[in-house]
Amino acid sequence: MSGSEWTCRLSSMHEWESPYYEPSLPVSEKSNPLTRDIDRASAGCIVRMLQACDSQMFLEEAGATYQRLMSDEVVETLMEVAKKVELILKDPRDSLVVLSGCGTSGRLAFLVTSAFNRALKELNQSPVYSYIIAGGDKALFSSQEAPEDDPKLGMLSLKEVCEGKKCVLFIGISCGLSAPFVAGQLDLCLQNPEVYTPVLVGFNPTHQARDEPIPGCSFTFRSVVQRMEELAKSQKAFLINPAVGPEAISGSSRMKGGSATKILLEVVLSAAHAAAFTHTPITQQGILQHMRVYEKTLEIPYAHNEGLSALLEAAGKSLQRGRRVCYLGWGSLGVLGLIDASECVPTFGADYEDVRGFISGGYNELKNNEGPLGPDFRISHEDFLHLVLPSLDDHDMVLLIYTQTDDVGDVEKLARRVREKTSNLHAVYHRVDGDTAATQWELCTKLFLNALSTGAHVLKGKIYQNHMMDLQVTNSKLYCRATRLLQNLSGRPESKCEEALLKAVYKVDNLTVEITSSDISTHTHTARTRTKVVPLALVCLLTGCSLAEAELRLEQQPIVRDAVEACLS
Ligand code: S6P
C-alpha cells in the first residue's frame, strides 16, 4: 500500500461513526474501514493499521452518536462505581466485588481480579474480588464458546460465588452487550437489589445491545440493559459503555474490547484502592489523568514498529510452514501470553499447537480458582521443556516475555536451553522507565502479542479482507456472524446462506427435517467438532458444487483467502 493510499485510509478514521456505515450492525461487529485491505498488506503495513485501530480507542467524542472512553458521562460513572468499591474495601464484611464474562472478557476478569487481590494482600487486607468465566477455569486457556449462550449457568455461578454475602457489586463484562451468560447474571442482580448492585461494561451504545430472544428466558440482553438504564437514574445500576471503534479483524473483541475492558477496570479499582488506603479522593481529574497514562502506553509497542514488523514476519513464516510459535513468560505477562495463544484457536481456526503459551511457575503462579487443570492444559516452563522443546528447530519461533523484576538468571538459563534447538529466539523485555507501572507493562504486552498473533495469521492467509473466515461456529453469536459473512461474500439471501452453513455443519448435501427443525444450540453443538465450516459453505454457495467437491478445492488451496478469491473471480 502506498503512502498516499495510507493517508487516505487514515482520513477514514471516523467513517464508522456515520449512521449510514453498516447500519444494521453494532459497533463491535462492524468492519473497520482502516483494515479493509489488511489481508494484502505487508508486515509493516499491518502494524501501522493495527496502531491506527488501537488509537481509535482514545478518539474524542465527535458528535452525539457515541460516548467515548473519556466522555464526561463515562468518567462520571467510573467515579460512582469506584466509590461503591471504596465502600466495600473499607468494610469488606459479607461483601464481594464479582467480575464476570465470557471468553476474553472472563479472562480479563481473572487477570484484573488476581492483580487487585494481590494488591490487597500486600496491604494485609483480605481479598474482596472474585472472578467468573463462562465454562470454568479451562476457559481461561481454551475456547469454550458454548457456555456463553447459557443464562441459567451464569445465574447459578453467580449465586454460588456470592453465597452468604449481603452486599455484592457485580461487574458483568460483555464487549458486544450480547452474551446471554452475562444477561442472566444481570437479571439475577435486578431481581435481588437488596444484595446486588449491577455494573455493565461493554462497547456498544445501549440501543445496539443484542435483542435476539434467549431460549427459555423472558428477557433479551437489550431488555436487561433497558431495565438497568432505568435504575441507573437513581445510581442503583451502572452502565459503562463507550464506543472504541470496530475491531481490526471484524468482531475480534479480544483486541480493542479486551484492552479497553482492562483499562476501565484498572482505572476504577485503582481509584477505589487509592481512596480507601491512601485517602486520595476519587476525582474526575484523577480518573482522566490515569486514562491519559494508558493513552500514552498505547504508543509504546508501536514505537518499536520495525522490531514488531520483523517479529510478525518471523511468526507468519513459522505458521505458514506449519511450525510453532511459543511464548515463554513470567508473572502476569506470562498469563497474557497464555491468553493470547489460546485465543488463536477460536479466532483463526488455529490448531492448539500452532501458538502456545507457557508461564514460569505454572499453576502455582496462576492461583486460579480450580488449581491445576490436568494433562490437557500443561502450562509451565517445565512442560515446555519436556513436551515441546525436543521437537523444535529454526523454523519454530520462541518469544521470551519478562520484566526487569523477574528472575533474569532464570530467563538466561531457559534462553540457553532454547538456543540449543532454535536460533529463532526473541524477547520482549520491560524495564522501569520513569514511573512505569506493572499495569502498563501488561497493556503493552497485550497489544504487542495481539498484534503479533493477528499479523502472523493474516500473513498465513487466514483473513479475508478484514474478516475471520475460518471461525468456529460454536455459539449463537458466531452462528449469526457466520451467516452474515456468507451473505456479504456470496450476495445470496439469508435463508440460502443458513442452509449452506447447516450443510457444512452436518456434512450433508441435503438437509433433513430433523436438522432444519433443530434449534441453534443443536447446530452449534454439532459444529464443535467440525473444521472449515464457513469456507466450505461459501465455496458451495459460490460454485453450486457438492460438499465433497468443496472439500477437495480447499484441500488443493489450503490458504482460505486464496480459495475464496479463486471462487469469487
Ligand atoms: C473474541 C473472543 C470471544 C469473546 C466472547 C465474549 O475475540 O474470541 O471469546 O471474548 O465471545 O464476547 P463479549 O462480547 O460477551 O465480551
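Predicted, not measured: the structure shown is a model, and the values here were computed from it. In listed order, ligands and their atoms are each counted from 1.
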Worksheet item: atom 5 (C) of ligand 1: which protein heavy atom is closest, and how many Å away?
Response: Glu148 OE1, 3.3 Å
Item to complete: Report, in ascending order of atom number, the atoms of ligand 1 lying under 4.0 Å from any heavy atom of Arg254.
Response: 1 (C), 7 (O)
Worksheet item: Based purely on interatomic distance, does Gly176 place a nitrogen or oxygen under 3.5 Å from a nitrogen or oxygen of ligand 1?
Response: yes
Item to complete: For Glu343 and ligand 1, answer yes if some heavy atom of the residue is under 4.0 Å from a ligand atom, otherwise no.
Response: no
Worksheet item: At under 4.0 Å between heavy atoms, which part of Glu145 makes contact with ligand 1: side chain, backbone, both or neither?
Response: side chain
Worksheet item: Heavy-atom contacts under 4.0 Å between Met255 and ligand 1: side chain, backbone, both, or neither?
Response: neither
Response to the item:
Here the atoms of ligand 1 under 4.0 Å from any heavy atom belonging to Ser252 are 7 (O)
Fill in: ligand 1 N/O within reach of Gly251 N/O, cut-off under 3.5 Å
no
Response to the item:
of all protein heavy atoms, closest to atom 15 (O) of ligand 1 is Ser174 OG, 2.7 Å
Worksheet item: For ligand 1, is Ser253 a contact, meaning one of its heavy atoms is under 4.0 Å away?
Response: yes
Item to complete: Could you give me the CA-CA distance, side-chain angles and deciding distance for Leu269 and Val112, then say whether side chain to side chain contact (heavy atoms under 4.5 Å, CB included) is met?
Response: CA-CA 9 Å; Leu269 302 188; Val112 173; 3.7 Å; yes
Item to complete: Answer yes or no: is there an ion pair linking Glu266 with Lys262, defined by an N-O contact shorter than 4.0 Å?
Response: yes
Worksheet entry | Candidate list Glu145, His523, Arg210, Arg481, test side-chain hydrogen bond (donor to acceptor under 3.5 Å, both in side chains), partner Ser476, passing option | Arg210
Worksheet entry | Aromatic ring proximity, centroids under 6.0 angstrom, Phe448 and Trp441 | no
Discussion item. Below 3.5 Å, N or O to N or O, backbone or side chain included: is there any such pair between Asn475 and ligand 1?
Written reply: no
Item to complete: Classify the angle between the aromatic ring planes of Phe110 and Tyr131 as parallel (below 30°), tilted (30 to 60°) or perpendicular (above 60°).
Response: perpendicular
Response to the item:
atom 6 (C) of ligand 1 sits nearest the protein heavy atom Cys102 O, 3.2 Å
Worksheet entry | Exceeds 12 heavy-atom contacts within 6.0 angstrom, atom CD of Glu229 | yes
Worksheet entry | Minimum-distance protein heavy atom relative to atom 10 (O) of ligand 1 | Thr104 N, 2.9 Å
Worksheet item: Looking only at side chains, do Ser259 and Lys446 share a donor and an acceptor under 3.5 Å apart?
Response: yes
Discussion item. I need the atoms of ligand 1 closer than 4.0 Å to a non-hydrogen atom of Ser105, numbered in the order shown.
Written reply: 10 (O), 16 (O)
Response to the item:
shortest atom 13 (P) of ligand 1-to-protein heavy-atom contact is with Cys175 N, 3.4 Å
Worksheet item: Are Glu247 and Lys30 close enough for a salt bridge, meaning some N to O gap below 4.0 Å?
Response: no
Practice prompt. Taking only heavy atoms of Gly103 into account, list the atoms of ligand 1 that are under 4.0 Å away from them.
Written response: 9 (O), 10 (O)
Worksheet item: In the protein, which heavy atom is nearest to atom 8 (O) of ligand 1, and how far is it?
Response: Thr347 OG1, 4.1 Å
Worksheet entry | Basic-acidic side-chain contact under 4.0 Å: Glu212, Lys477 | no
Discussion item. Taking a cutoff of less than 4.0 Å between a non-hydrogen atom of the residue and any ligand atom, is Lys477 in contact with ligand 1?
Written reply: yes
Worksheet item: Should Arg254 and Glu343 count as an ion pair when the cut-off is N to O under 4.0 Å?
Response: yes
Worksheet entry | Salt bridge present between Asp187 and Arg227 (N-O < 4.0 angstrom) | yes
Worksheet, complete the sentence: Within 4.0 Å of some non-hydrogen atom of Ala179, the atoms of ligand 1 are 15 (O)
Worksheet item: If you measure only the distance, is there a donor-acceptor pair under 3.5 Å linking the side chains of Gln440 and Thr297?
Response: yes
